[in-house]
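Let me begin by presenting the structure, written as structure tokens, before commenting on it.
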Amino acid sequence: MDTSELNDQKIRRKEELQHLEKIGINPFPYNFNKTHSAKEILDNFQDEQPEKFQNVCVAGRIMTFRRMGKATFCDIQDESGRIQIYFRKNELEDTYELLKYLDIGDIIGVEGFVFRTKMGEITVHAKKYEILCKSLTPIPVPKIEVDESGNKIIHDQFSDKELRYRRRYVDLIVNPDIKYVFRTRAKIISYIRNYFDARGWLEVETPILQPIYGGATARPFITHHNALDIDLYLRIADELYLKRLIVGGFEGVYEISKNFRNEGMDRMHNPEFTALEIYVAYKDYFWVMEMVEDLLNSLVVNLFGSETITYNDKQISFRKPFERKKMFDLFKEYLNENVIDKTESELVSIAKKHELEIPNNLSKAKILDEIFSEIVQPNLIQPTFVTDYPIEMSPLAKKHRSEKGLVERFELFVNGFEIANAFSELNDPRDQRERFEEQARLRAKGDEEAMIIDEDFLYALEVGMPPTGGLGIGIDRLVMLLTNQKSIRDVILFPQMRPESPQ
RNA sequence: GACCCUGUAGCUCAGGGGUAGAGCACCUGACUUUUAAUCAGGGGGUCGCAGGUUCGAUUCCUGCCAGGGUCACCA
């Protein structure tokens, strides 16, 4: 680091560090034998049995200091929470003087016994302590002041969103409550994995670097392989590879996949995001509906002990069965129109009646999609399966067994979010080729997101894929929903940011 | 990509054409059960960056950079 950037606080900390080294103390030692977390002590200490905690070793980051001459209190924070430490000069002798070389942010290890102070706080009375890491740059430490009328005044709150995302490590220290979101995220993923594994479905890994991207309509990131001298695409979805594995004879495969889409960023979108896809042989979309219903119901019960969650003051119930509605019935319900036989221009004028401007030259599928997501989707708060989509919107889904022009597809909406997308998978290679060709025509007309023909995938379908039910779940949005977060950036540890420009 | 808002101390913010303010954090001293510790002193800023207007710009204007929000595209 350029020393001209050092402010007075950094300079002082560096001097403290050098002093510690000069007197033979390693400010960056190798290990510490921690015996208890803060939470274990706070939860289990009993005043009538203090002997159980006669000798504990705790470690954590110093978050507050209250120095009172010959006695000092500080709070240290470990992963489980905070605990107060008490130091006395007459017991620590020389090392007491060294406390003045410690700062908020330093990590220390303390050996001592647990007691309760006059004010009632469970505290570790230090017999000895050692520095485990000297912190050379100050962190903001919020202090909550309560005034006479009981209002909370928070000083030093670390609330700047840019800094919180860029320096997530500081955010985690200073706003430890957010750890809950990431713990819950891990629990959700591990629950889903266990659920699938228990049913014998195989977790697989498929290529992130793909010569032909597919499985979704989106613009890709492009990269280059030097040795082969070819462009490769970061995957936008793993669907076509998972289906190849069903062709290969695995009867249930799933992948928890980082996907990459070169599109806008906002509250609901990050350029890289996590999707779950699963394909099970011999099943159709009705079976998938019941599976995802059971998966989400049992997940929510497992996490919260209840079928009901709260998102943004709304109660959302995951009680089975979820509502099931055909897409065209929803159009009827919200537009009072039967849109199934309408032309493009008729649809545009219907949209206008509902104060929705549709850009020119959109295909019928895109217009319907637009109307649906603007007018219908925001109303789907309780878990709702929307079924039976127009064929043009779903080039990888199998034609509906009885409804002309539709496919066997559903999406699950909760709180207006699209959580899951599923099909009876298209396995007729002739039909699949026609759908790809239609996509190619759209692409030629300028639709940059239309799919590319994947000849190898068609070859695989010619080899033969059994009837298959497939499902995709947007993990980030599911986590948002289940942790009551309003931005995708709040459920991704390191969300994408514009790089900081060197000023 | 378009529009709106924002950028001042380590953090959160106020201010305003004439030597830059608060709370917390930091430093010195006092204090052996404090917890917003308290008390007495003190230091710390290229006011996002670059131009322009002006006797003088952190303040006004323009451009750029960064962030947030809304819209567009999308999941």
Task: Carboxylate-amine/guanidinium contact Glu15(A) Lys22(A), below 4.0 Å - done: no
Open item on the list: Assess whether a salt bridge exists between Asp103(A) and Arg12(A), defined as any Lys/Arg side-chain N lying under 4.0 Å from an Asp/Glu carboxylate O.
Closed with: yes
Open item on the list: Within the 4.0 Å heavy-atom criterion, would you say Asn421(A) contacts the bases, only the backbone, or no part of the nucleic acid?
Closed with: nothing
- [ ] Could you check which residues of residues 36-48 of chain A get a heavy atom under 4.0 Å from RNA chain B? Sort them by number, please.
- [x] none
Open item on the list: Restricting to salt bridge (Lys or Arg N to Asp or Glu O under 4.0 Å), what partner residues turn up for Arg82(A), sequence neighbours left out?
Closed with: none
TODO: Can you tell me the distance, in whole Å, between the CZ atom of Arg66(A) and the C1' atom of C24(B)?
DONE: 15 Å
Task: Inter-nucleotide C1' distance (C73(B), C13(B)), Å rounded - done: 37 Å
- [ ] Classify the nucleic acid contact of Arg477(A) as base, sugar-phosphate or nothing, counting any heavy atom under 4.0 Å across all strands shown.
- [x] base
TODO: Just call it for Lys89(A): base, sugar-phosphate, or nothing, with non-hydrogen atoms closer than 4.0 Å on any strand.
DONE: nothing
- [ ] Determine the contact category for Asn262(A): base if any of its heavy atoms lies under 4.0 Å from a base atom, sugar-phosphate if only primed atoms, P, OP1 or OP2 are that close, otherwise nothing.
- [x] nothing
TODO: Could you give the distance separating C61(B) and A75(B) at their C1' atoms, to the nearest angstrom?
DONE: 43 Å
Open item on the list: Can you list every stem that RNA chain B is part of, counting only runs of 3 or more consecutive Watson-Crick or G-U wobble pairs with both distances under 3.5 Å?
Closed with: B:1-7 with B:65-71, B:10-13 with B:21-24, B:26-30 with B:38-42, B:48-52 with B:60-64
TODO: May I ask you to verify if any side-chain N or O of Thr217(A) is less than 4.0 angstrom from the OP1 or OP2 atom of A75(B)?
DONE: yes
Task: Rounded interatomic separation in angstrom, taking CD1 from Ile76(A) and C1' from U34(B) - done: 16 Å
Open item on the list: At less than 3.5 Å, do the side-chain atoms of Thr117(A) and the base atoms of U34(B) form a donor-acceptor pair?
Closed with: yes
Task: Atom pair distance, as rounded to whole Å: CE in Met68(A) and C1' in A36(B) - done: 15 Å
Open item on the list: Check this for me, if you would: do Glu425(A) and Lys243(A) make a salt bridge, where the nitrogen-to-carboxylate-oxygen distance has to be below 4.0 angstrom?
Closed with: yes
Open item on the list: Tell me the interatomic distance from Ile104(A), atom CD1, to C26(B), atom C1', rounded to whole angstroms.
Closed with: 9 Å
TODO: Answer yes when Arg13(A) and Glu16(A) have at least one side-chain N-carboxylate O distance shorter than 4.0 Å, and no when they do not.
DONE: no
Task: Check: U34(B) base within 3.5 Å donor-acceptor of Glu121(A) side chain - done: no
Open item on the list: Under 4.0 Å from OP1 or OP2 of U33(B): is there any side-chain N or O of Arg116(A) that close?
Closed with: no
Open item on the list: Using a heavy-atom cut-off of 4.0 Å across all strands, would you classify Phe115(A) as base, sugar-phosphate, or nothing?
Closed with: base
Task: Row check, Tyr311(A) ring normal vs Lys486(A) NZ/CZ: under 6.0 Å, within 45° - done: yes
Open item on the list: Please identify which of these residues, Val386(A), Asn421(A), Leu396(A), meets the side-chain contact (heavy atoms from CB on, under 4.5 Å) condition with Arg409(A).
Closed with: Asn421(A)
Open item on the list: Regarding Glu418(A), tell me which of base, sugar-phosphate or nothing describes its non-hydrogen contacts under 4.0 Å with the strands shown.
Closed with: sugar-phosphate
